[in-house]
Amino acid sequence: MNRPSNFIEKIIEEDLRTGRYKKVHTRFPPEPNGYLHIGHAKAIVLNFTIAEKYGGLCNLRMDDTNPLKEEARYVEAAVEDVRWLGFDWGDRLYFASDYFDQLYQYAVELIKKGKAYVDDLSPEEIRRYRGTLTEPGIESPYRNRSVEENLELFERMRRGEFNEGEKVLRAKIDMASGNLNMRDPVIYRIIKASHHRTGDKWCIYPTYDFAHPLSDSIEGITHSLCTLEFEDHRPLYDWFIEQLGIHHPRQIEFARLNLSYTVLSKRKLSRLVEEGYVSGWDDPRMPTIAGLRRRGYTPEAIRDFCEKIGISKANSVVDIQLLEHCLREDLNKRAPRVMAVLRPVKVIIENYPENYTEELDAENNPEDPSMGTRKLPFTRELYIEEDDFMEEPPPKYYRLAPGREVRLKHAYIIRCEKVIKDTETGKIKEIYCRYDPDSRSGSTQQRKVKATLHWVSAKHALDAEVRLYDRLFLKPNPEECEDFIECINPDSLKILKQCKVEESLANAKEGERYQFLRVGYFCVDPDSKNGHLVFNRTVTLKDTWAKIQKKLMK
RNA sequence: UGGGGCGUAGCCAAACGGUAAGGCAGGAGACUUUGGAUCUCCCAUUUGGUGGUUCGAGUCCACCCGCCCCAGCCA
């Protein structure tokens with residue numbers, strides 16, 4: 001077995017060695033109140049890969065203890081996302097709500113042991129009685145009710161005899177504890193709402209703090225991996241487990257993921273969706289798994305990223321460029337190359353015969369010859385990219401310009417003879433060139449030119465819509481703005497409708513990913529229909545000219 | 001000022017008490033029929049600080065400094 005790759009694996013190996021646990025059983029426990037995002041992916045990858053590495057299992061469990069916030073559509077989305085990432089939980093898709101009967105019994109047991117009581121204090125009173133960070137709390141006047149009375153009251157709570165907020169069940173621990181979580185936390189509350197799974201069976205629901213550790217125990221989880229903010233809930237979880245004398249998982253906390261130029265809190269992501277700043281949870285600018293998928297990310301790239309960032313207890317912000325690096329690295333190996341011209345300008349090859357089409361061979365992926373080749377039609381009239389021509393080229397600009405020669409990818413070397421401009425706007429309308437018939441790609445002649453351009457045959461090219469996505473936020477830390485909404489990048493989406501793509505893309509299917517030569521990686525959006533191609537820009541290629549330009553600007 | 005954590009490069013992150021891995025970003029160059037990819041080289045005399053223990057300290061001890069989390073009947 002490989003060496004432990006982080007502190008959690010070290011602990012697990014120690015536990016296995018000392019016999020504290022005989023096997024490893026983890027779980028990924030999302031609350032179905034929103035879509036899963038890249039931060040969840042970190043936890044998913046961690047839990048599933050650890051289970052696999054140590055020959056154990058990982059459950060998928062919905063922590064659905066609050067019917068006010070949870071919805072079935074979110075569980076469906078979560079299931080789809082985890083599966084898409086490539087993980088398998090067998091038949092172990094569980095729900096905390098499956099344990100409501102058991103949890104109720106555990107609560108009754110605590111009452112019988114004198115370790116829980118029904119409190120009549122209002123929410124405001126409970127808050128006031130809790131004390132502050134520096135002062136101890138005050139015990140509720142209802143704290144010392146008899147076991148019988150508590151049992152009866154709790155049963156009546158269950159039967160719906162009280163209103164929401166009228167009564168709660170609290171653990172009886174220590175109102176003077178320095179750890180606020182131990183100051184008699186609420187473990188059951190009255191919520192008269194129907195639950196997405198249990199319907200109207202219950203009107204009292206366990207709190208997360210009660211349900212979570214006990215659900216882990218019920219499932220026989222050995223290592224409960226969670227984020228740092230639950231570190232000081234651990235004594236409470238241990239307390240429940242010990243009072244009840246049941247299986248004791250070991251909780252280990254790690255730092256949650258933060259990513260530069262993005263927000264990863266469900267509250268903020270919901271706001272982006274609800275207030276319409278994005279088109280939905282799966283908008284390609286969203287850091288949700290669904291958004292990344294629609295953007296064209298591969299599960300492999302996301303998993304690789306999750307492994308590269310490591311696991312520790314230090315709060316950190318990972319540079320989004322690392323995610324993009326993992327993406328490019330994966331796509332470079334697998335994406336077929338095609339030619340697409342985003343901002344077309346016409347090129348006419350004066351010395352090329354009219355009404356003549358030549359079929360040129362083009363490799364589908366220079367990184368992987370097994371992906372084969374395809375035929376590309378070459379004709380007298382082509383489109384090239386607007387930025388690939390400059391009438392007055394600055395230094396270090398190697399592309400087409402009057403009198404300059406460039407190669408057309410997979411085709412010939414052309415020389416620019418003259419340009420026709422729109423007399424009114426001054427915009428370049430047509431570029432007239434001559435080609436060198438002896439310079440065809442693959443021919444023995446090896447003339448060198450400084451640049452190679454991508455192109456499409458005007459007659460054959462297909463029209464396409466291309467959506468250029470950029471980062472959603474302008475600042476590395478969107479929290480810097482008073483309201484993170486003000487940090488939104490107004491140019492995070494640019495739609496280009498006049499793009500020209502090579503005809504081989506005619507049957508491109510939803511979700512397929514391509515490299516548009518020299519431009520970037522793109523994938524077919526679900527909005528794409530027969531006769532109306534829509535591509536999303538997944539990520540650009542590294543553009544060294546852009547870098548040179550940036551430097552010259554300074 | 002109570003409790004719980006965390007400080008190793010611009011960003012992540014390794015390092016039985018034995019002389020600071022790796023990745024990203026950045027820089028320089030080679031190569032190139034994608035200015036892509038690839039390749040080569042550079043990028044911490046020092047681990048928040050100060051003392052101490054030790055032949056030897058990022059690792060052990062003491063004190064100090066800084067940052068994060070907790071006062072939901074959210075998770």
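It should be emphasised that the depicted structure is a prediction, and the values quoted were computed from it without experimental measurement. Numbered from 1 within each chain, the chains take letters A, B, ... in sequence-line order.
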Original post:
For the side chain of A/S441 and the base of B/U33, is some donor closer than 3.5 Å to an acceptor across the two?
Top reply: yes
Subject >> Pairs satisfying salt bridge (Lys or Arg N to Asp or Glu O under 4.0 Å), at least one member in residues 311-335 of chain A, at least two apart >> reply: A/E231-A/K313, A/E253-A/K313, A/E300-A/R334, A/K308-A/E329, A/E324-A/R471, A/D330-A/R334
**OP:** Give a yes/no on whether any side-chain N or O of A/R189 is located under 4.0 angstrom from OP1 or OP2 of B/A75.
**Re:** yes
Subject >> First of A/H410 and A/G310 reached from the 5' end of RNA chain B, by closest nucleotide >> reply: A/G310
**OP:** Using only side-chain N and O atoms of A/K10, determine if any of them is under 4.0 Å from OP1 or OP2 of B/A15.
**Re:** yes
Subject >> Side chains of A/D64 and A/H196, donor plus acceptor under 3.5 Å >> reply: yes
**OP:** Dot-bracket for RNA chain B, please, read 5' to 3', with Watson-Crick or G-U wobble pairs under 3.5 Å on both distances, ( ) within the strand, [ ] crossing, | other strand, . unpaired.
**Re:** .((((((..(((.....[...))).(((((.......))))).....(((((..]....))))))))))).....
**OP:** With sequence neighbours excluded, tell me which residues meet salt bridge (Lys or Arg N to Asp or Glu O under 4.0 Å) with A/R267.
**Re:** none
**OP:** Only counting residues at least two apart or in another chain, list the ones meeting side-chain hydrogen bond (donor to acceptor under 3.5 Å, both in side chains) with A/R130.
**Re:** none
Original post:
Listed in order of residue number, which residues of residues 252-271 of chain A have a non-hydrogen atom at under 4.0 Å from RNA chain B?
Top reply: none
**OP:** Strictly below 4.0 Å, heavy-atom distances to any atom of RNA chain B: list the hits from residues 318-329 of chain A, or just say none.
**Re:** A/V318, A/D319, A/Q321, A/L322, A/H325
Original post:
Using a distance-only test with no angle check, is there a side-chain donor-acceptor pair under 3.5 angstrom linking A/E9 and A/S5?
Top reply: yes
Original post:
For B/G5, does the glycosidic angle fall within 90° of 0 (syn) or outside that (anti)?
Top reply: anti
**OP:** With C1' as the reference atom in both, quote the distance from B/G56 to B/G48 in angstrom, rounded to an integer.
**Re:** 23 Å
Nucleotide N/O to protein N/O under 3.5 Å, stretch nucleotides 69-72 of chain B:
{"residue": "B/A71", "atom": "O3'", "partner": "A/R130", "partner atom": "NH2", "Å": "3.4"}
{"residue": "B/A71", "atom": "O2'", "partner": "A/R130", "partner atom": "NE", "Å": "3.2"}
{"residue": "B/G72", "atom": "OP2", "partner": "A/R130", "partner atom": "NH2", "Å": "3.1"}

Original post:
What nucleotide, of B/U33, B/G23, B/C12, holds the atom closest to the side chain of A/K448?
Top reply: B/U33
Original post:
Between A/H454 (NE2) and B/G35 (C1'), how many Å, whole number?
Top reply: 13 Å
Original post:
Donor-acceptor pair under 3.5 Å: do we get one between A/E367's side chain and the base of B/U38?
Top reply: no
Original post:
Looking at the side chain of A/T134, which of B/C74, B/U1, B/U33 is the nearest nucleotide?
Top reply: B/U1
Subject >> Side chain of A/A314 (C-beta onward), nearest among B/C6, B/G35, B/C73 >> reply: B/C6
Original post:
Hey, what's the ring geometry for A/Y435 with A/Y412, parallel, tilted or perpendicular (30° and 60° as the breaks)?
Top reply: perpendicular
Original post:
Distance only, no hydrogens: is a donor on one side chain within 3.5 Å (strictly under) of an acceptor on the other, for A/D184 and A/Y129?
Top reply: no
Subject >> Closest to the A/R337 side chain, choosing from B/G35, B/G36, B/C12 >> reply: B/G36
Original post:
Which pairs pass salt bridge (Lys or Arg N to Asp or Glu O under 4.0 Å) with one or both residues in residues 203-219 of chain A, sequence neighbours excluded?
Top reply: A/R27-A/D216, A/R61-A/D216, A/R61-A/E219
Original post:
A/K542 NZ to B/U34 P: how many Å, rounded?
Top reply: 17 Å
Original post:
Of the nucleotides B/A13, B/C73, B/A37, which one has an atom closest to the side chain of A/S312?
Top reply: B/A13
Original post:
Just to confirm, is there a sub-4.0 Å distance from OP1 or OP2 of B/G7 to any side-chain nitrogen or oxygen of A/K313?
Top reply: no
Original post:
Sequence neighbours excluded, which residues qualify as side-chain hydrogen bond (donor to acceptor under 3.5 Å, both in side chains) partners of A/S370?
Top reply: A/D368
**OP:** State yes or no: are the ring centers of A/H195 and A/F100 separated by less than 6.0 Å?
**Re:** yes
Original post:
What integer distance in Å separates A/K333:NZ from B/U34:P?
Top reply: 21 Å
Original post:
Between residues 206-214 of chain A and RNA chain B, which residues have a heavy-atom gap below 4.0 Å?
Top reply: A/T207, A/Y208
**OP:** For A/R343, check side-chain hydrogen bond (donor to acceptor under 3.5 Å, both in side chains) against everything at least two apart and list the hits.
**Re:** none
**OP:** Report yes or no: do A/N364 and A/R374 form a side-chain donor-acceptor pair below 3.5 Å?
**Re:** yes
**OP:** May I ask you to check whether A/F473 and A/Y261 place their ring centres under 6.0 Å from each other?
**Re:** no
Original post:
Taking NZ from A/K409 and P from B/U32, how many angstroms apart are they, rounded to a whole number?
Top reply: 13 Å
**OP:** Under the side-chain hydrogen bond (donor to acceptor under 3.5 Å, both in side chains) rule, collect the residues that match up with A/R518, sequence neighbours excluded.
**Re:** A/D388, A/H454
**OP:** Taking the six-membered ring for Trp and the single ring otherwise, decide whether the centroids of A/Y142 and A/Y117 are under 6.0 Å apart.
**Re:** no
Subject >> N-O pairing of A/E13 and A/K10 below 4.0 Å >> reply: no
Original post:
Is it the case that A/E479 and A/N477 place a side-chain donor and acceptor less than 3.5 Å from each other?
Top reply: no
Original post:
Which nucleotide in the set B/G4, B/G36, B/A75 lies at the smallest distance from any side-chain heavy atom of A/E70?
Top reply: B/A75
Subject >> Base B/G35 to side chain A/R399, donor-acceptor N/O within 3.5 Å cut-off >> reply: yes
